[in-house]
Amino acid sequence: MVSHELKTPITSLKAYLQVLQRMAVKEENLMQQNTLEKSLKQVDNMAAMINGFLNVSRLDSGQMHIEKKPFDFQLFFSEIEDEVLSVIHTHKFIFNTYGPLLVSADREKISHVIHNLIGNAVKYSPIGTAVTAEYSVTDDHHLKISVTDQGQGIAEEDRERIFERYYRAKDIQSTSIAGFGIGLYLCKEIIELHHGRIEVQSSPDQGSVFSFVLPLDGETFNL
Ligand code: ADP
């Protein structure tokens, strides 16, 4: 119920802003178009934050359920690429595909994890740098997804703790960037509910590689 109460006004606000945006486009009012685009981005940020906290409370009350269904990972990955390219214009994106692969997982939640890792890669690296996303199958039959950035990197003492709830790195760069420290905590829980594992390789100023593996069950095969 709380979830519904929180989401309804945001959905309406977004719809009203989109109406205004269409009017501004028709009237060729660039200043209004610009302001409305920024407003819509902020509404999306707010929706993402609310979703994050709702997911934390779902986890706490044991109500985060994984619904596994088979899907083609290549198609799914290219949809994520399209979504990212249409929304984020500040970085160079490289999406390396491994080819068609049938996997059984909770599509929406895995999408959430990948978007989160890409969002962080963008947030914690300079404008214009590259962000690479790729997937492959490991020798021990796991699906491995990695997101690599050329950003500020993570110090060892933070690296051990960033998957904890509400934990944020202590350096000046990180504390000046908005966030609550719940994104990676949710990613870890989602991956562990899939019996997978998430990890990071990084050092300060050397960029970061976040990767996670998901077990491919017996029915899964390369299409
Ligand atoms: P938030 O970004 O809201 O703080 P997260 O749980 O997503 O929360 O991340 C936790 C912390 O991990 C961040 O505050 C940041 O210090 C660090 N972090 C996450 N992703 C990256 C990255 N790609 N590069 C550098 N630091 C990162």
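Note that ligands are numbered from 1 as they come in the structure, with each ligand's atoms numbered from 1 the same way. A quick note: this is a predicted structure, and the numbers were derived from the prediction, not measured.
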Visitor: Heavy atoms only, cut-off 4.0 Å: how does Ala169 contact ligand 1, side chain, backbone, both, or neither?
Guide: both
Visitor: Tell me whether Gly151 reaches ligand 1 (any heavy atom closer than 4.0 angstrom to a ligand atom).
Guide: no
Visitor: Would you mind running through ligand 1 and noting each atom that sits below 4.0 Å from a heavy atom of Gly153?
Guide: 25 (C)
Visitor: Out of Phe210, Tyr124, Phe180, who is nearest to atom 2 (O) of ligand 1 when you count heavy atoms only?
Guide: Tyr124
Visitor: Just which atoms of ligand 1 are under 4.0 Å from any heavy atom in Gly179?
Guide: 3 (O)
Visitor: Shortest non-hydrogen contact from Val200 to Phe163?
Guide: CG1-CE1, 4.0 Å
Visitor: Check ring-ring contact (aromatic ring centres under 6.0 Å, His included) between Phe71 and all other residues, then give those that pass, not counting sequence neighbours.
Guide: Phe76
Visitor: Can you tell which of Asn116, Ile154, Val131 gets a heavy atom nearest to atom 26 (N) of ligand 1?
Guide: Ile154
Visitor: With heavy atoms of Lys123 as the reference, note each atom of ligand 1 found under 4.0 Å away.
Guide: 1 (P), 2 (O), 3 (O)
Visitor: So is Ser125 touching ligand 1 or not, going by heavy atoms under 4.0 Å?
Guide: no
Visitor: Will you find, in the side chains of Ser211 and Ser146, an N or O donor that is under 3.5 Å from an N or O acceptor?
Guide: no
Visitor: Group every Ile, Leu, Val, Met, Phe, Trp and Tyr by side-chain heavy-atom contacts under 4.5 Å, then state whether Phe53 and Leu186 land in the same group.
Guide: yes
Visitor: Could an N or O of ligand 1 be found under 3.5 Å from any N or O of Arg168, whether backbone or side chain?
Guide: yes
Visitor: Under 4.0 Å, heavy-atom basis, I'd like to know which part of Asp158 is in contact with ligand 1: side chain, backbone, both or neither.
Guide: neither
Visitor: Measure across His112 and Asn55 and return the closest heavy-atom pair with its distance rounded to 0.1 Å.
Guide: CE1-ND2, 4.3 Å
Visitor: Quick check: Ala178 and ligand 1, any N/O pair under 3.5 Å apart?
Guide: no
Visitor: Are any of the side-chain nitrogens in Arg107 or Asp72 under 4.0 Å away from the carboxylate oxygens of its partner?
Guide: no
Visitor: Kindly check if the number of other-residue, nucleotide or ligand heavy atoms within 6.0 Å of NZ (Lys144) is above 12?
Guide: no
Visitor: Can you name the atoms of ligand 1, numbered from 1 with element, that are less than 4.0 Å from a heavy atom of Ile182?
Guide: 6 (O), 8 (O)
Visitor: Please tell me whether Tyr185 and Tyr166 form a close aromatic pair, meaning their ring centres lie under 6.0 Å apart.
Guide: no
Visitor: Using distance alone, determine whether Asp149 and ligand 1 share an N or O pair under 3.5 Å.
Guide: yes
Visitor: May I ask whether Phe163 has any heavy atom positioned less than 4.0 angstrom from an atom of ligand 1?
Guide: no
Visitor: Among all protein non-hydrogen atoms, which one is nearest to atom 8 (O) of ligand 1, and what is the separation to 0.1 Å?
Guide: Gly181 CA, 3.2 Å
Visitor: Looking only at side chains, do Tyr167 and Asp158 share a donor and an acceptor under 3.5 Å apart?
Guide: yes
Visitor: Tell me if the NE2 atom of His4 is crowded by more than 12 foreign heavy atoms within 6.0 Å.
Guide: no
Visitor: For the CZ atom on Arg58, are there more than 12 heavy atoms of other groups (residues, nucleotides or ligands in this structure) within a distance under 6.0 Å?
Guide: yes
Visitor: Apply ring-ring contact (aromatic ring centres under 6.0 Å, His included) to Tyr124 and list each qualifying residue two or more places apart in sequence or on a separate chain.
Guide: none
Visitor: Which option wins on minimum heavy-atom distance to atom 19 (C) of ligand 1: Leu117, Asn120, Val147, Val200?
Guide: Asn120
Visitor: Evaluating non-hydrogen atoms only, which member of Thr148, Val122, Ile162 is closest to atom 12 (O) of ligand 1?
Guide: Ile162
Visitor: Just to confirm my output: which protein heavy-atom neighbour is closest to atom 10 (C) of ligand 1, and how far is it?
Guide: Tyr167 O, 3.4 Å
Visitor: Among all protein heavy atoms in this structure, tell me which lies nearest to atom 6 (O) of ligand 1, with the distance rounded to 0.1 Å.
Guide: Leu184 N, 2.8 Å
